[in-house]
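I have placed the structure first, in the form of structure tokens, so that the comments after it can refer back to it.
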Amino acid sequence: MDNVKTIAIDGPSASGKSTVSKGVAKELGFTYVDSGALYRGVTWQALRKGVDTKDPEAVIDSMYDADWDFFVQDGATVFSIDGDVPVQELREKDVRESVANVAAIPEVRKFVVENLQSLANFGSLVMEGRDIGTVVFPDSPYKFYLDADPEERAMRRYRELVSAGEDEKAHEVMESLKKRDKIDSTRKTDPLVVAPGALVIDSTSMTLEDVIRTVIDAVMR
Ligand code: CDP
């Protein structure tokens, strides 16, 4: 475990975390972890069990009632819930709209954080999220906070949704992003903040390659 490195990449929605984290992981041969997928998984499980996601007790019960399993596939961690591996389902609209509220439930965060920490058993990781540098791996020397102007982030997310075949309106994407940012940065438990010692990267006018290079150079220093 001594040589295991954990690179923490935090930031708001559509700040480029996923693409950058995957790029860094690939170049360094580390395993990529999308921590948001776990919050989405808890949300998806609740929704498919017909649970009201505004009812914390019911969400927590559906989370603990399920059987969770984690493994590595193609350089990334994947999980199954009661034997099913949700991937595309996690990006769907109903999950997207409820996930920030589910992720604000302290017991949900405790469950997800413990599972995320245990993934270091798989080896060196690049983990993206909102609280990786502050809560999940606070002792990691490799912390980054990725940001971009809200307009640029909304535009990136809009393009992503449209290319995924979703019929979204640009102004609605902007509104939904703002709403989620607000919940994420004002919640009581583990809000999105810049971790002490994190390198802040504003990617608004940087290329993807530049951002990846900046992260790798800082890790290699
Ligand atoms: O892709 P995007 O950045 O929009 O979202 P995500 O990374 O899939 O995360 C979905 C939601 O999970 C966020 O809006 C947060 O509410 C929550 N989340 C969190 O609270 N802490 C994390 N480490 C990761 C995600």
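The analysis underlying the following values was restricted to heavy atoms, covering all of them including side chains, and did not include hydrogens, waters or symmetry mates. Numbers here are sequence positions counted from 1. Atoms within each ligand, like the ligands themselves, are counted from 1 in listed order.
Proximity of Met127 to ligand 1 is not established, as no heavy-atom distance is less than 4.0 Å. The shell of residues lying under 4.0 angstrom from ligand 1, judged by heavy atoms, excludes Arg96.
Those atoms of ligand 1 that come under 4.0 Å of a heavy atom in Ala103, given as number and element, are 16 (O), 17 (C), 20 (O). Interface of Arg91 with ligand 1, defined as ligand atoms under 4.0 Å from a residue heavy atom, comprises 1 (O), 8 (O). Those atoms of ligand 1 that come under 4.0 Å of a heavy atom in Ala100, given as number and element, are 16 (O). Listed by atom number, the atoms of ligand 1 under 4.0 Å from Lys17 heavy atoms are 3 (O).
Aromatic rings of Phe137 and Tyr142 (six-membered ring for Trp) have centroids beyond the 6.0 Å cut-off, not under it.
For ligand 1, the polar-atom distance check against Arg109 finds a nitrogen or oxygen pair separated by under 3.5 Å. Considering backbone and side-chain atoms alike, Ser35 places an N or O below 3.5 Å from some N or O of ligand 1. Where the criterion is an N or O separation shorter than 3.5 Å, residue side chain and backbone included, Asp131 meets it with respect to ligand 1.
Look at Asp190 and Arg187 and you find no salt bridge, because none of the NZ, NE, NH1 or NH2 atoms lies under 4.0 Å from a carboxylate O. The pair Arg156-Glu160 does not meet the salt-bridge criterion, since no charged nitrogen lies less than 4.0 angstrom from a carboxylate oxygen. Asp131 and Arg109 are joined by a salt bridge, as a carboxylate oxygen and a charged side-chain nitrogen come within less than 4.0 angstrom of each other. Between Lys179 and Glu175 no salt bridge is recorded (no basic side-chain N to carboxylate O distance below 4.0 Å).
When only modelled atom types and interatomic distance are considered, Asp210 and Thr207 share a side-chain donor-acceptor pair under 3.5 Å.
For atom 10 (C) of ligand 1, the nearest non-hydrogen atom of the protein is Arg180 NH1, 3.5 Å. For atom 18 (N) of ligand 1, the nearest non-hydrogen atom of the protein is Tyr39 CD1, 3.6 Å. Looking only at heavy atoms of the protein, atom 25 (C) of ligand 1 is closest to Gly36 CA, 3.5 Å. Looking from atom 16 (O) of ligand 1 to the surrounding protein, the closest heavy atom is Asp184 OD1, 2.6 Å.
The backbone and the side chain of Arg130 each have at least one atom closer than 4.0 Å to an atom of ligand 1 (non-hydrogen atoms only).
By heavy-atom distance, the residue among Lys179, Arg40, Glu128 lying nearest atom 6 (P) of ligand 1 is Arg40.
Each side chain to side chain donor-acceptor pair (under 3.5 Å) pair with one or both residues in residues 10-27, not counting sequence neighbours, appears once here: Ser13-Arg130, Ser13-Arg180, Ser18-Glu128, Glu27-Arg213.
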- Item | CA sep, side-chain torsions, deciding dist, call: Arg48, Asp84, salt bridge (charged side-chain N to carboxylate O under 4.0 Å, His left out) | CA-CA 12 Å; Arg48 76 167 171 163; Asp84 297 315; 2.8 Å; yes
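Between Trp44 and Ser98 there is no side-chain heavy-atom pair separated by less than 4.5 Å.
Considering only residues two or more places apart in sequence or on other chains, Thr189 meets the side-chain hydrogen bond (donor to acceptor under 3.5 Å, both in side chains) condition with none of them.
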